[in-house]
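Everything below concerns the one structure shown next.
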Amino acid sequence: MRTAEIVRNTKETQIRVKLNLDGSGAAAFATGVPFLDHMLDQIARHGLIDIDVAATGDLHIDAHHTVEDIGITLGQAFARAVGDKKGIRRYGHAYVPLDEALSRVVVDLSGRPGLEFHVDFRRAMIGAFDVDLAHEFFQGFVNHALVTVHVDNLRGQNAHHQCETVFKAFGRALRMACEPDPRAGDTIPSTKGTL
C-alpha cells in the first residue's frame, strides 16, 4: 500500500495528513474551513484516495495560512506515498462537468513543481471561502508533491460549480497518473531513468 503520514507544525498552523493512494475514497476532515473539507472530499472520492486531514490554524486572521499549509502538507504526503514512481502511468487527465460548469485538469508526476491555474471565478467568495485560496491550495500542493498540474475551467457561471469541477477533475487526474501501467513493469516512466 502506498501510504504516508505527515505532521507539519508552524506558528500559524498545526496539520496532520494521512494518505493512502490505493484506498477506496474514505475521507475524514477537520480543518475549520468547511468549504475546503467539501473540496478535499471530492479529491478523495473521485481519486479513490483515502485522505484524513486534521488542522488547526489562525482562522481568526483568515483561512489563507490553513488552506495553503494543508496544500503543502498534502503535497508532502503525496510525494512520500507515491515513492519512486516505478510502473505508474505518470500522466493523468480528466474533464469533469457539473451542470453548466466544465473543468479540465492535467497532471504530470514529473518531479518538477509547476502550476498553470486558469479559473475565472464568477464571484470572489463561495460562502465564507475566498476563491483565491483555491489557487493557494494547488500551489502549495505542486510545490511539495513535485508535480506539474494544469487547471482550466472551460466554462461556468456558478463559482461553487466551477471550483467543485476543478477539485473533482484533480482527483480523477491524480488517480489516473498514479495507476499501475501493466505494460511498464517496474520501469520508471522517463527517459532520464528517474522522476
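Nothing here was measured: the structure is a model prediction, and the numbers come from that model.
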Can a salt bridge be assigned to the pair K11 and D58 using a cut-off of 4.0 Å between side-chain N and carboxylate O?
-> no
Mind checking side chain to side chain donor-acceptor pair (under 3.5 Å) for T165 and listing every partner two or more places apart, or none if nothing turns up?
-> S103
Minimum side-chain heavy-atom gap R123-V131 below 4.5 Å | no
Which atoms form the tightest heavy-atom contact between A63 and V33, and what is the distance?
-> CB-CG2, 4.0 Å
H38-F167 aromatic ring centre distance below 6.0 Å | no
Is there a side-chain contact between H144 and P113 (heavy atoms, below 4.5 Å)?
-> no
How far does CD1 of I15 sit from OG1 of T66, to the nearest 0.5 angstrom?
-> 6.5 Å
According to a 4.5 Å side-chain heavy-atom criterion applied to Ile, Leu, Val, Met, Phe, Trp and Tyr, with indirect links allowed, do V67 and V119 form part of one hydrophobic cluster?
-> yes
With side chains defined as the heavy atoms from C-beta onward, is the minimum distance between L115 and H135 less than 4.5 Å?
-> yes
Taking the side chain as every heavy atom from C-beta outward, state whether I70 and L40 have any atom pair closer than 4.5 Å.
-> yes
Residue pair R2 / C178, side-chain heavy-atom distance below 4.5 Å | yes
With side chains defined as the heavy atoms from C-beta onward, is the minimum distance between V147 and F141 less than 4.5 Å?
-> yes
Would you say the side-chain atoms of Q162 pair up with the backbone N or O of D120, donor to acceptor, closer than 3.5 Å?
-> yes
Any donor and acceptor pair, going by atom type alone, linking the side chain of D50 with main-chain N or O of L19 inside 3.5 Å?
-> no
Pair K86 + D186, salt bridge at N-O below 4.0 Å = no
Find out if a path of hydrophobic residues (ILVMFWY) with successive side-chain heavy-atom gaps under 4.5 Å connects M176 to V96.
-> no
